[in-house]
Number of protein chains: 2
Amino acid sequence: MVDLDDPALSDDLHEAIEQFYFAYRGFTDRPDRILERRGLGRVHHRILYFIGRRPDVSVRGLLDLLAVSKQALNAPLRQLMEMGLVGAEAGVEDRRVKNLRLTASGRKLEAELTEAQTRHLRAAFDRAGAEAHAGWTAVMAELVKG
Amino acid sequence: MVDLDDPALSDDLHEAIEQFYFAYRGFTDRPDRILERRGLGRVHHRILYFIGRRPDVSVRGLLDLLAVSKQALNAPLRQLMEMGLVGAEAGVEDRRVKNLRLTASGRKLEAELTEAQTRHLRAAFDRAGAEAHAGWTAVMAELVKG
DNA sequence: CTAAAGTGTCAACATGGTTGACCTGGATGA
DNA sequence: TCATCCAGGTCAACCATGTTGACACTTTAG
């Protein structure tokens with residue numbers, strides 16, 4: 001059992017570390033379970049997610065977002081294209097670049113996965129209140145910047 | 001380049017997903033870099049951290065906290081004991097259980113690693129303000145519960 | 001024409017996790 | 001007392017995800 005009310009956790013910054021760890025773990029394992037039923041992994045989710053959010057992103061752009069090597073990206077991306085979830089088109093200005101987009105079925109899977117996470121987040125925001133929601137967002141923005 | 005101000009990110013719940021992802025990534029890679037200089041990994045950090053926060057935790061307790069198999073825990077834990085960073089004592093009531101504790105040098109390394117993360121968090125909390133800090137904590141608590 | 005950039009792919013390797021099987025030794029209840 | 005359960009340790013096979021290095025191809029740009 002995970003007891004976050006343990007009296008040993010006095011320092012609130014230490015508590016924040018644990019909250020971050022456990023919250024993130026809970027945040028990722030729902031979509032993970034959906035994915036593993038299809039033989040896909042977390043990488044595939046991240047790829048689907050970012051292509052969905054940034055249509056026509058290039059392979060290079062994806063690499064920078066995910067901060068992985070192109071070799072690590074290549075296999076799962078190709079797999080998603082072979083499964084018909086992601087489509088690619090040569091760029092108009094520069095025909096070397098591939099503009100990546102979700103297909104209809106890609107959008108469907110992406111929505112299913114992301115929905116699991118947004119439902120989780122929305123529930124927490126609702127319970128904590130609008131003010132807390134705003135505070136959370138502000139702190140997260142600082143963490144991303146810093 | 002990671003551009004979180006991209007106009008495509010309209011839905012704030014989607015933005016929250018990205019913030020969570022990028023914030024967590026930034027949060028973990030500082031201690032990771034300290035560790036890799038000593039040939040240790042993130043697992044070792046988590047072990048040191050939780051033993052530090054919950055002195056006399058048992059191996060079983062650690063397994064439940066980390067949610068990994070005992071085989072995954074065994075090697076890094078043994079390594080930490082061989083390095084003299086973690087000590088163990090047989091339990092008084094039940095002599096099967098091992099009560100794990102940090103040694104002096106274990107506490108030193110743990111403090112160094114954790115300090116990197118608390119400094120990061122403290123900076124974000126300071127910039128975002130006390131109210132935002134409270135909101136962040138409230139939302140995180142809900143996420144851990146949910 | 002040449003250099004650089006975007007993409008693709010092969011190979012070798014490291015890490016960190018899994019499950020299954022089996023062992024020791026201490027606790028415990030019929 | 002004896003059978004059984006539980007904490008812990010260890011071996012083996014396996015898998016997912018990542019890395020670097022090297023090389024090829026196409027296209028763009030100087």
Review point. Within the side chain of B:Thr114, is there an N or O that forms a donor-acceptor pair under 3.5 Å with the backbone of B:Ala111?
Key: no

Tell me which donor-acceptor pairs under 3.5 Å the side chains of residues 73-91 of chain A have, and how far apart each pair is, sequence neighbours excluded?
residue: A:Gln79; atom: OE1; partner: A:His44; partner atom: NE2; Å: 3.0

Revision key, fill the gap. Within residues 93-102 of chain A, those residues having any heavy atom closer than 4.0 Å to DNA chain C are A:Arg96, A:Val97, A:Lys98

**Study point:** Counterpart residues, ring pair (Phe, Tyr, Trp, His ring centres under 6.0 Å), relative to A:His45 (two or more places apart)
**Key:** none

Revision key, fill the gap. From CE of A:Met81 across to C1' of C:dT7 the rounded distance in Å is 10 Å

Review point. Hey, does the side chain of B:Arg38 reach the backbone of B:Ile34 with a donor-acceptor pair shorter than 3.5 angstrom?
Key: no

Point to revise | Any residue meeting ring pair (Phe, Tyr, Trp, His ring centres under 6.0 Å) with A:Tyr21, in chain and number order, not counting sequence neighbours | key: B:Phe50

Review point. When you look at A:Glu142 and A:Lys145, which way does the salt bridge (charged side-chain N to carboxylate O under 4.0 Å, His left out) test go after all the steps?
Key: CA-CA 5 Å; A:Glu142 292 298 334; A:Lys145 269 196 275 176; 3.4 Å; yes

Check your understanding: Rounded to whole angstroms, how far apart are CG on B:Leu63 and C1' on D:dG8?
Key -> 9 Å

Check your understanding: Does some side-chain heavy atom of A:Val139 sit less than 4.5 Å from a side-chain heavy atom of B:Thr137?
Key -> no

**Study point:** Whole angstrom value for the distance that separates P of C:dT15 from CD of B:Glu36
**Key:** 11 Å

Exercise for review: Round to the nearest Å and state the distance from B:Arg60 atom CZ to D:dG9 atom P.
Suggested key: 12 Å

Practice item. May I have the distance from A:Asp32 (atom CG) to C:dT18 (atom C1'), rounded to whole angstrom? Key: 14 Å

Exercise for review: Return each pair, listed once, that meets side chain to side chain donor-acceptor pair (under 3.5 Å) where at least one residue sits in residues 116-125 of chain A; pairs must be two or more places apart or across chains.
Suggested key: A:Glu115-A:Arg119

Practice item. Mind calculating the distance between CG (A:Asn74) and C1' (D:dA24) to the nearest angstrom? Key: 14 Å

Review point. Just by protein heavy atoms under 4.0 Å, how would nucleotides 16-23 of chain D read 5' to 3' in B, S and -?
Key: -SSBBBB-

